[in-house]
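Take a look at the structure below.
The analysis underlying the following values was restricted to heavy atoms, covering all of them including side chains, and did not include hydrogens, waters or symmetry mates. Keep in mind that this is a model prediction, so the values were computed, not measured.
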Amino acid sequence: MLKLFFPHLCCGCDRRLANGSQVLCVNCENELAICFPKNIKNNPFTQRFYGLLDLESGFSLLRFEQTNLTQRLLHQLKYKGQQQLGSYFALRMGTLLNQLEVKPEFDLIVPVPLSKKRLRKRGYNQVDQFAADLAETLQTQVALKALERIDSARSSVKLNRKHRFEREHRFRCSRSFEPQAGMHILLVDDVITTGATLEACAKVLLNAAAVRLSFATIAITE
């Protein structure tokens with residue numbers, strides 16, 4: 001009766017889901033722009049940080065374009081409360097990682113944090129569910145509150161582009177988190193564009209301890 005009056009709808013096209021489908025219909029699953037690299041150590045993702053960071057690996061699940069399904073799904077995840085998409089993407093990515101000939105081993109998965117203002121407005125960090133379920137799929141640990149984004153009390157209206165950018169990418173380790181030297185941390189976010197946010201978070205972790213770093217995002221822009 002519940003399914004009759006409140007049917008499960010596809011997060012991609014809003015069509016009613018067939019029995020057994022929980023998030024996406026078959027058509028939308030087939031439309032996904034999967035771009036998971038065969039080589040997670042050397043690919044367009046890791047090349048964005050060439051000369052900036054010494055990464056162990058880097059990878060995304062989907063290709064992001066302004067008009068493709070990936071954009072719609074990330075919008076549903078970030079702004080419409082469809083956190084089951086985070087679980088779905090985590091399972092897809094975790095399965096692909098487990099199928100690699102040389103499976104990477106991560107000691108800890110850490111999500112990029114939201115600002116307190118955005119967290120209050122949205123009610124959740126869209127990356128947390130992805131990070132938690134990816135950790136479960138890979139059978140490793142997750143630290144959802146390892147990093148904090150530093151909110152500025154001052155207005156950034158009069159700042160130039162450089163200083164505004166620096167203010168928007170300020171992070172720190174939380175008081176309850178202390179990374180250990182040699183630990184392999186997988187830092188995760190929803191989408192990578194320039195890579196500035198991941199780089200800023202990475203530098204905080206590297207300043208705290210001599211950790212090994214890998215990056216993963218749900219999607220990557222061209």
Cluster link L91 to F89, ILVMFWY, side chain under 4.5 Å: no
Neighbour count above 12 (heavy atom, 6.0 Å) for D54 CG: no
Nearest heavy-atom neighbours spanning V204 and L147: CG1-CD2, 4.1 Å
Shared hydrophobic cluster for L74 and Y124 (ILVMFWY, side-chain gaps under 4.5 Å): no
Residue pair T221 / T193, side-chain donor-acceptor N/O under 3.5 Å: no
Value rounded to 0.5 Å, distance of NZ in K38 from CD1 in I40: 14.5 Å
Gap between atom NZ of K78 and atom CD of Q83 - 0.5 Å precision: 13.5 Å
Heavy-atom pair with the smallest gap, counting every atom of A219 and F64: CB-CB, 4.0 Å
Side-chain ion pair, R92 and D133, N-O less than 4.0 Å: no
Residues, nucleotides or ligands: over 12 heavy atoms within 6.0 Å of R118 CZ: no
Exam field: side chain R72 to backbone G12, donor-acceptor pair closer than 3.5 Å: yes
R48 side chain vs G195 backbone, donor-acceptor pair below 3.5 Å: no
Closest non-hydrogen atom pair, V188 against V127: O-CG1, 3.6 Å
Worked check of side-chain contact (heavy atoms from CB on, under 4.5 Å) between I220 and V191: CA-CA 5 Å; I220 184 172; V191 61; over 6 Å; no
Any residue meeting side-chain hydrogen bond (donor to acceptor under 3.5 Å, both in side chains) with H184, in chain and number order, not counting sequence neighbours: S214
Flag for E178-Q180: side-chain donor and acceptor within less than 3.5 Å: no
Spacing of L55 atom CG and E199 atom CD [to the nearest 0.5 Å]: 9.5 Å
Check: K41 main-chain N/O paired with T46 side-chain donor or acceptor under 3.5 Å: yes
Taking every non-hydrogen atom, the tightest pair across F36 and M93: CE1-CG, 4.4 Å
Shared hydrophobic cluster for I218 and L138 (ILVMFWY, side-chain gaps under 4.5 Å): yes
side-chain contact (heavy atoms from CB on, under 4.5 Å) evaluation trace for K103 with L97: CA-CA 6 Å; K103 177 185 172 184; L97 283 168; 5.7 Å; no
Nearest-0.5 Å distance that lies between atom CG in D107 and atom CE in M183: 6.0 Å
Donor-acceptor pair, side chain of N27 and main chain of N30, under 3.5 angstrom: no
Mutual orientation of the aromatic rings belonging to F106 and F59 [parallel < 30°, tilted 30-60°, perpendicular > 60°]: tilted
Smallest separation among heavy atoms of A181 and A209, with atom names: N-CB, 4.0 Å
L69 side, atom CG; Q76 side, atom CD - distance, nearest 0.5 Å: 10.0 Å
CA sep, side-chain torsions, deciding dist, call: F130, D190, side-chain contact (heavy atoms from CB on, under 4.5 Å): CA-CA 9 Å; F130 173 70; D190 53 355; over 6 Å; no
Interatomic spacing from CD1 in I150 to OG in S115 - rounded to 0.5 Å: 12.0 Å
Hydrophobic cluster identity match, L198 and L114, side-chain contacts under 4.5 Å: no
Student check: side-chain heavy atoms of R15 and L9 closer than 4.5 Å: no
Residues, nucleotides or ligands: over 12 heavy atoms within 6.0 Å of E136 CD: no
Shared hydrophobic cluster, V112 / L119 (ILVMFWY, side-chain heavy atoms < 4.5 Å): no
Side-chain donor-acceptor contact under 3.5 Å, Y88 with Q129: no
Evaluation steps, side-chain contact (heavy atoms from CB on, under 4.5 Å), between Q84 and C11: CA-CA 9 Å; Q84 69 270 26; C11 291; 3.6 Å; yes
Residues Q71 and Q66: side-chain donor-acceptor under 3.5 angstrom: yes
Heavy-atom pair of closest approach, residues A90 and T137: O-OG1, 4.2 Å
All side-chain hydrogen bond (donor to acceptor under 3.5 Å, both in side chains) counterparts of Q141, not counting sequence neighbours: none
Contacts of type side-chain hydrogen bond (donor to acceptor under 3.5 Å, both in side chains), residue S174, not counting sequence neighbours: S176
